[in-house]
Amino acid sequence: MKVLVIGAGNMGLTYAEGMSKSKLLKKRNIMVLDTSEEKLEKLNKMAHFDAFSELKDCVPQADIIFIAVKPYHAESLFKAINPLVNPGQIIISIMAGVTIDNIKLLAGIPKIVRAMPNLPAKIGKGLTSFVASKDVSKIELLTVESLLDTTGKSIQVSNEGLIDASTGISGSGPAYVFYFMQSMMEAALQMGFSKNDSTVLVSQTFTGAIELFNQSNLSPNSWMDMVASKGGTTRAALDSMQGNNVNELIKDAAFAAFNRAVELGKEH
């Protein structure tokens with residue numbers, strides 16, 4: 001099996017590097033295409049990739065074509081690969097908002113997987129939601145899932161609407177966490193901690209809380225109740241958040257990302 005990754009940006013290269021460790025692929029069975037001379041020079045120094053700058057030199061060789069370019073490149077890219085592909089190939093797209101039907105129409109092949117990864121994939125802790133056209137067989141789906149799992153975990157969802165929803169939760173979600181971390185670090189600085197100590201206080205607090213959550217079956221509400229005693233410091237903080245409607249504001253933010261993903265689909 002040969003895999004082609006089109007686009008050597010952050011996520012494209014992350015998946016290429018992750019898949020290079022997969023037992024499904026032999027050495028140098030990953031091709032990466034990019035038009036940037038700087039990126040091509042970098043790729044040529046990596047022993048486990050074959051780098052390309054022309055679609056005609058790599059698209060016909062691929063069994064799976066991984067699309068990792070910006071959504072506004074979708075139409076021109078798929079029109080360019082249309083005469084080079086065959087119905088047996090599978091396209092996996094991580095472009096936000098670009099639908100399976102649009103990809104089928106432009107690329108001219110039926111086997112399409114639409115996926116939504118997130119940034120922690122860079123360290124093997126990512127979450128990728130994916131959905132496939134009915135033309136992708138169960139065996140092919142297992143292969144796709146195994147490749148996506150090389151950067152963390154993946155979940156297959158039942159419809160494309162949930163891919164847009166995944167954008168609002170897991171796709172954009174790391175930024176919400178960083179936003180919260182930044183606010184806590186600023187509070188720590190204002191309380192008198194050094195920048196280094198503020199960073200350690202916040203990062204270790206997040207790491208510890210996530211590990212507690214992952215190693216139990218308790219809900220976040222249950223953990224909050226365990227930490228917060230009546231009339232105590234944690235309860236004061238949680239009451240402040242509740243009074244300021246933080247819960248609803250966070251949900252509003254997630255829906256803003258979800259709605260924007262839907263808008264992108266209409267635009268593209």
Side-chain angles (χ1 to χ4, degrees), residues 1-22 24-25 27-81 84-85 89-98 100 102-103 106-107 111-130 132 143-154 163 166-167 170-172 174-175 261 264 268:
M1 181 173 65
K2 297 198 80 168
V3 176
L4 167 63
V5 177
I6 297 180
N10 274 333
M11 292 311 301
L13 202 53
T14 292
Y15 273 96
E17 290 175 336
M19 289 187 289
S20 71
K21 301 166 189 173
S22 171
L24 291 169
L25 301 171
K27 191 175 181 181
R28 301 195 73 85
N29 270 22
I30 296 179
M31 303 174 287
V32 183
L33 179 142
D34 204 280
T35 55
S36 164
E37 289 186 11
E38 183 181 348
K39 288 180 181 176
L40 287 169
E41 185 178 344
K42 179 181 177 182
L43 289 168
N44 282 318
K45 293 177 182 177
M46 298 180 176
H48 41 293
F49 299 144
D50 283 329
F52 295 86
S53 60
E54 297 289 338
L55 292 167
K56 61 182 175 60
D57 296 330
C58 52
V59 169
Q61 301 179 49
D63 297 294
I64 294 177
I65 303 169
F66 203 101
I67 308 293
V69 301
K70 299 296 184 184
Y72 57 82
H73 290 308
E75 185 171 357
S76 59
L77 173 62
F78 287 126
K79 284 183 177 179
I81 70 173
L84 303 172
V85 293
Q89 292 171 305
I90 300 171
I91 287 178
I92 303 175
S93 168
I94 63 169
M95 294 184 291
V98 183
I100 286 175
N102 277 341
I103 297 172
L106 294 168
K111 297 181 180 182
I112 311 297
V113 176
R114 185 177 165 199
M116 174 49 58
N118 66 2
L119 192 60
K122 292 177 69 66
I123 58 167
K125 296 288 185 180
L127 188 284
T128 303
S129 302
F130 71 97
T143 299
V144 167
E145 186 173 11
S146 295
L147 292 176
L148 295 177
D149 282 348
T150 60
T151 59
K153 294 182 179 180
S154 65
I163 294 295
S166 296
T167 305
S170 59
S172 300
L264 284 171
H268 299 292

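In this structure, Gln89 contributes its side chain and Ile65 its backbone to no donor-acceptor pair below 3.5 Å. The closest donor-acceptor contact from the side chain of Asp34 to the backbone of Ala8 lies under 3.5 Å. Although no hydrogens or angles enter the test, the distance criterion places a donor-acceptor pair under 3.5 Å between the side chain of Asn29 and the main chain of Met1. For Glu145 (side chain) and Phe130 (main-chain N/O), no donor-acceptor pair under 3.5 Å exists by modelled atom type.
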Discussion item. Under the criterion side chain to side chain contact (heavy atoms under 4.5 Å, CB included), I'd like the reasoning laid out for Lys122 against Asn10: C-alpha separation, chi angles, the key distance, then a yes or no.
Written reply: CA-CA 8 Å; Lys122 292 177 69 66; Asn10 274 333; 3.6 Å; yes
Discussion item. Apply side chain to side chain contact (heavy atoms under 4.5 Å, CB included) to residues Leu84 and Lys56 and explain how you reach the verdict.
Written reply: CA-CA 7 Å; Leu84 303 172; Lys56 61 182 175 60; 4.3 Å; yes
Practice prompt. Show your reasoning for whether side chain to side chain contact (heavy atoms under 4.5 Å, CB included) applies to Ile112 and Ser93.
Written response: CA-CA 8 Å; Ile112 311 297; Ser93 168; 5.5 Å; no
Worksheet item: Do Tyr15 and Ile92 pass the side chain to side chain contact (heavy atoms under 4.5 Å, CB included) test, and can you show the C-alpha distance, the side-chain angles, and the key distance before you say yes or no?
Response: CA-CA 11 Å; Tyr15 273 96; Ile92 303 175; over 6 Å; no
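Scanning both residues, Lys79 and Leu106, for their nearest heavy atoms gives CE-CD2, 4.0 Å. Nearest heavy atom pair, residue Gly12 against residue Ala68, reads CA-CB, 3.6 Å. In terms of heavy-atom proximity, Ala96 sits nearest to Pro71 at O-CG, 3.5 Å. What you find for Gly97 and Arg114 is that their closest heavy atoms are N-NH2, 3.2 Å. Nearest heavy-atom pair across Met116 and Thr167 is CE-OG1, 3.3 Å. Here the closest non-hydrogen pair linking Leu55 and Pro60 is O-CD, 3.9 Å.
For the pair Ile67/Ile103, no side-chain contact is recorded, criterion being any heavy-atom separation below 4.5 Å from C-beta on. Residues Leu148 and Phe66 have side chains in contact (heavy-atom distance under 4.5 Å, counting atoms from C-beta outward). Side-chain atoms of Ser22 and Ser146, non-hydrogen and from C-beta on, never get closer than 4.5 Å to each other.
The NZ atom of Lys42 lies 4.5 Å from the CE atom of Met46; values are rounded to the nearest 0.5 Å. Annotation: the span from Phe52 atom CZ to Gln61 atom CD amounts to 5.0 Å, rounded to 0.5 Å. The line from CG of Leu127 to OG of Ser154 is 8.0 Å long, rounded to the nearest 0.5 Å. Rounding to the nearest 0.5 Å gives a distance of 10.0 Å between NZ of Lys111 and CD1 of Ile64. To the nearest 0.5 Å, atoms CG (Asn118) and OG1 (Thr128) are separated by 6.5 Å. For the atom pair CG of Leu43 and CG of Leu13, the computed distance is 6.0 Å after rounding to the nearest 0.5 Å.
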